[in-house]
Amino acid sequence: MAKSKARVKVPKSAKKGEIFQVKTLISHKMESGQRKNKKTGAKIPRMIINNFTCTYNGDMVIDCDWFPSISANPYLAFFVKADKSGELAFKWTDDNGKTVEKTASITVN
Amino acid sequence: MGIEQQGLKRHLRLGTIIMALIGVGLGGSIANAGSDDKYRAGDRSSGYTYAAKETRAMQDDDFANPAYIWIDQGEALWSTAEGAAGKSCSTCHDDAADTMKGVATRYPAYDKSLGKMKSTEQQINICRVKQMQAKPFKWESSQMLSMTAYVNSQSRGMAMNVKVDGAAAPFFEKGKAFFNERRGQLNMACKNCHEDNAGNMARANLLSEGQSTGFPLYRLKWQKLGSIHRRFRGCNKNVRAKPYGYGSDEYVNLELYVGWRGRGLPIETPAVRN
């Protein structure tokens with residue numbers, strides 16, 4: 001998954017108590033495991049991102065398991081309540097156990 | 001589309017009721033009310049106007065548009081020096097936001113030294129080989145798609161305006177002939193779907209006018225970015241004709257004609273389609 005490139009969008013600042021939107025996108029082929037090689041007939045092994053998490057100052061705000069029906073280059077948007085200034089850490093894990101991590105900071109006033 | 005049409009009908013009915021109630025003749029403005037007006041020019045409409053609501057939403061939000069993964073890569077490649085000359089694109093062309101602005105509206109363009117039309121992809125490879133002394137990109141490689149999308153996206157919103165007179169005229173005629181010529185086991189020409197039946201269904205697919213202003217675009221079926229020649233090849237295979245090669249003269253001429261068909265439409269690169 002070394003080639004996967006992730007993008008995240010987090011507002012630079014938010015008011016305390018405000019609910020803000022976080023958008024994430026990662027490039028990944030998300031091979032479902034149900035396709036066959038057209039020439040040889042051999043099954044193409046499953047290779048998907050099976051877990052995505054986001055922590056906010058160390059606290060888990062979203063932890064989701066993904067399954068083979070998730071599209072390639074998965075996009076996920078979710079909402080977080082602004083609490084303290086700090087860091088959002090994103091982590092994608094694929095079937096090989098490889099991870100892509102990304103962080104974004106937010107100022108809460 | 002079916003649901004949207006229903007919604008539109010409901011909308012119209014509601015509009016009629018309101019108009020009757022307040023007694024103000026708003027004319028046709030309610031029927032034309034829609035945010036896709038900028039994707040129309042004269043009698044021509046971009047594929048955007050044929051796309052589903054969800055697909056449009058992906059294109060409208062630059063973040064949700066997965067094509068930006070490639071555009072980011074293209075931006076990085078722009079200033080990466082490669083090849084024996086130690087040059088990058090930015091060595092000669094500086095900031096793409098200035099120098100590449102409007103390029104997508106002009107290509108394919110006539111090249112004197114080649115004596116024929118060249119597409120954006122071909123110009124990129126000419127630069128790579130001649131100026132940078134680097135290896136040319138493969139047509140449908142991720143680097144080529146990234147670079148083409150990055151270059152074309154600099155013209156976003158500008159009106160398509162390819163030159164079809166002068167030296168380009170004979171190639172334009174060839175492209176036009178290709179568009180109108182029946183081919184393949186199904187014996188169908190481009191125009192049979194994209195002119196005669198635009199707006200009708202071909203099985204589960206809504207046929208568009210086949211406008212080219214969004215390429216390279218992110219196609220949900222491909223799950224990645226694709227060039228217009230890939231689209232041409234797909235169409236040719238669908239009518240069971242033997243497709244021409246990427247970058248073949250036939251397709252570059254066709255690209256010119258299709259570009260002219262979309263004259264006045266805004267460049268949308270990178271568009272999102274199903």
Side-chain angles (χ1 to χ4, degrees), chain A residues 1-12 14 20-39 44-49 52 54 62 64 66-80 88 90 92 94-95 98 100-104 106, chain B residues 51-80 137-138 140-150 153 214 216-227 230 233-234 237-238 240 243 269-274:
Chain A
M1 206 159 95
K3 278 191 283 179
S4 287
K5 285 203 179 107
R7 306 176 85 210
V8 296
K9 194 176 183 183
V10 177
K12 283 204 177 76
F20 62 89
Q21 191 180 32
V22 176
K23 294 176 177 179
T24 67
L25 180 72
I26 187 164
S27 65
H28 196 279
K29 61 182 178 182
M30 299 292 274
E31 187 60 62
S32 71
Q34 285 158 16
R35 294 198 309 152
K36 282 178 181 172
N37 183 317
K38 274 181 190 164
K39 279 176 194 149
I44 303 171
R46 187 182 113 157
M47 173 48 64
I48 65 167
I49 296 171
F52 168 77
C54 172
I62 187 167
C64 42
W66 286 350
F67 294 91
S69 62
I70 302 284
S71 79
N73 309 320
Y75 166 82
L76 183 75
F78 53 94
F79 294 91
V80 181
L88 286 138
F90 306 87
W92 293 261
D94 77 1
D95 285 342
K98 281 189 187 162
V100 171
E101 289 178 55
K102 200 148 177 124
T103 57
I106 183 164
Chain B
K53 194 172 72 204
E54 294 79 5
T55 318
R56 291 184 190 194
M58 276 176 89
Q59 181 176 331
D60 291 341
D61 179 354
D62 281 355
F63 192 88
N65 185 344
Y68 273 84
I69 294 169
W70 283 268
I71 300 244
D72 284 351
Q73 195 192 344
E75 193 177 356
L77 278 172
W78 182 261
S79 46
T80 309
F137 287 141
K138 276 191 181 155
E140 209 60 28
S141 65
S142 127
Q143 291 107 317
M144 180 57 103
L145 292 166
S146 302
M147 184 56 82
T148 321
Y150 178 64
S153 66
L217 54 74
Y218 187 87
R219 196 166 175 224
L220 299 172
K221 179 187 169 185
W222 294 336
Q223 305 198 327
K224 63 180 285 211
L225 221 56
S227 72
R230 180 168 180 194
R233 284 171 62 87
K237 281 183 203 164
N238 287 348
R240 299 185 202 154
T269 309
V272 181
R273 299 285 185 267
N274 59 348

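Keep in mind that the numbers below use all heavy atoms, side chains included, and drop hydrogens, waters and symmetry copies. Residue numbering restarts at 1 for every chain, and letters A, B, ... go by the order of the sequence lines.
- Around CZ of A:R35, the count of heavy atoms belonging to other residues, nucleotides or ligands within 6.0 Å does not exceed 12.
- Residues of residues 217-226 of chain B that come within less than 4.5 angstrom of chain A, heavy atom to heavy atom, are B:Y218, B:Q223 in numerical order.
- In plain terms, the two heavy atoms of B:W70 and A:N73 that are nearest each other are CH2-ND2, 3.7 Å.
- Counting non-hydrogen atoms of neighbouring residues, nucleotides and ligands closer than 6.0 angstrom, the NZ atom of A:K23 exceeds 12 such neighbours.
- Taking a cutoff of 4.0 Å between a charged side-chain nitrogen and a carboxylate oxygen, A:R7 and B:D72 qualify as a salt bridge.
- Among all heavy-atom pairs drawn from B:P66 and A:L25, the shortest one is CA-CD2, 3.7 Å.
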